[in-house]
Amino acid sequence: AEYKTLRRCQGTRPSDDATLNWAKHAIGSRSYEWHGPQQGGRRRPAAVMVPFADMFNDDPAHNAEWSWQEGTDAFQVVLARDIAVGEEILVSYGKKANEHLLTHYGFVHRGNQQDMVYVDLLDFEAAALDPKG
């Protein structure tokens, strides 16, 4: 569905799948999720580009929160505290493991509490070969 939308937006200019893939990821790594007007009893999520908001960096110890203002659906960023001149405004991209951060945004957090490791507790091949297993 996303490729169909991107192809429709490109107009008559021909494009290959690599270009469409780049566009999808460029939008995905810079957009904010917005839940639009109700349609059929529910609000549908949409990726929305917000000018300059793509320059906010993510940090688990963020000093600002972003949200959509009730009623007007205006995008807003509210500081959690006063910040010094030249201090970076940091937001949270949400609770995400480093694998997600790296593949979607190109960075990781040292000591990320959202990280997980999958451990295979049973070696199925060895169990299948073991006559007792």
| said: If we ignore hydrogens and angles and just use 3.5 Å, is the side chain of Ser92 paired with the main-chain N or O of Gly94 as donor and acceptor? | reply: yes

| message | As an exercise, state the distance from NE2 of His109 to CG of Asp115, rounded to the nearest 0.5 Å. | response | 10.0 Å

| Inter-residue atom distance Glu88.CD - Asn57.CG, 0.5 Å rounding | 4.5 Å

| task | With sequence neighbours excluded, give me every ring-ring contact (aromatic ring centres under 6.0 Å, His included) pair touching residues 71-93. | result | Tyr32-Phe75, Trp66-Phe75, Trp68-Phe75, Tyr93-Tyr105

| message | Once rounded to the nearest 0.5 Å, what's the spacing between atom CD of Glu99 and atom CE of Met116? | response | 7.5 Å

| task | Using the rule that two of Ile, Leu, Val, Met, Phe, Trp, Tyr join whenever any of their side-chain heavy atoms come within less than 4.5 Å, decide whether Val50 and Leu90 are in one cluster. | result | no

| request: Please identify each residue that fulfils side chain to side chain donor-acceptor pair (under 3.5 Å) with Asn63, with sequence neighbours left out. | output: none

| request: Measure the CD-OG distance between Glu33 and Ser31 for me, rounded to the nearest 0.5 Å. | output: 8.5 Å

| said: Are Ile27 and Met49 packed together at the side-chain level, in the sense that at least one heavy-atom pair is separated by less than 4.5 angstrom? | reply: yes

| request: Report the residues that fulfil ring-ring contact (aromatic ring centres under 6.0 Å, His included) with His104, sequence neighbours left out, ordered by chain and then residue number. | output: His100

| said: Taking Pro60's backbone N and O only, do any of them form a donor-acceptor pair with Asn112's side chain (distance below 3.5 Å, no angle check)? | reply: no

| said: Can you confirm whether more than 12 heavy atoms, excluding those of Gln113, are under 6.0 Å from its CD atom? | reply: no

| query | Shortest non-hydrogen contact from Lys96 to Gln114? | reply | O-CB, 3.4 Å

| query | Rounded to the nearest 0.5 Å, how far apart are CG of Asp59 and NE2 of His62? | reply | 9.0 Å

| message | Nearest 0.5 Å, please: how far is CD in Glu65 from CG in Leu79? | response | 10.5 Å

| query | Honestly curious: do Phe107 and Met55 fall in one hydrophobic cluster under the side-chain, below-4.5 Å linking rule? | reply | no

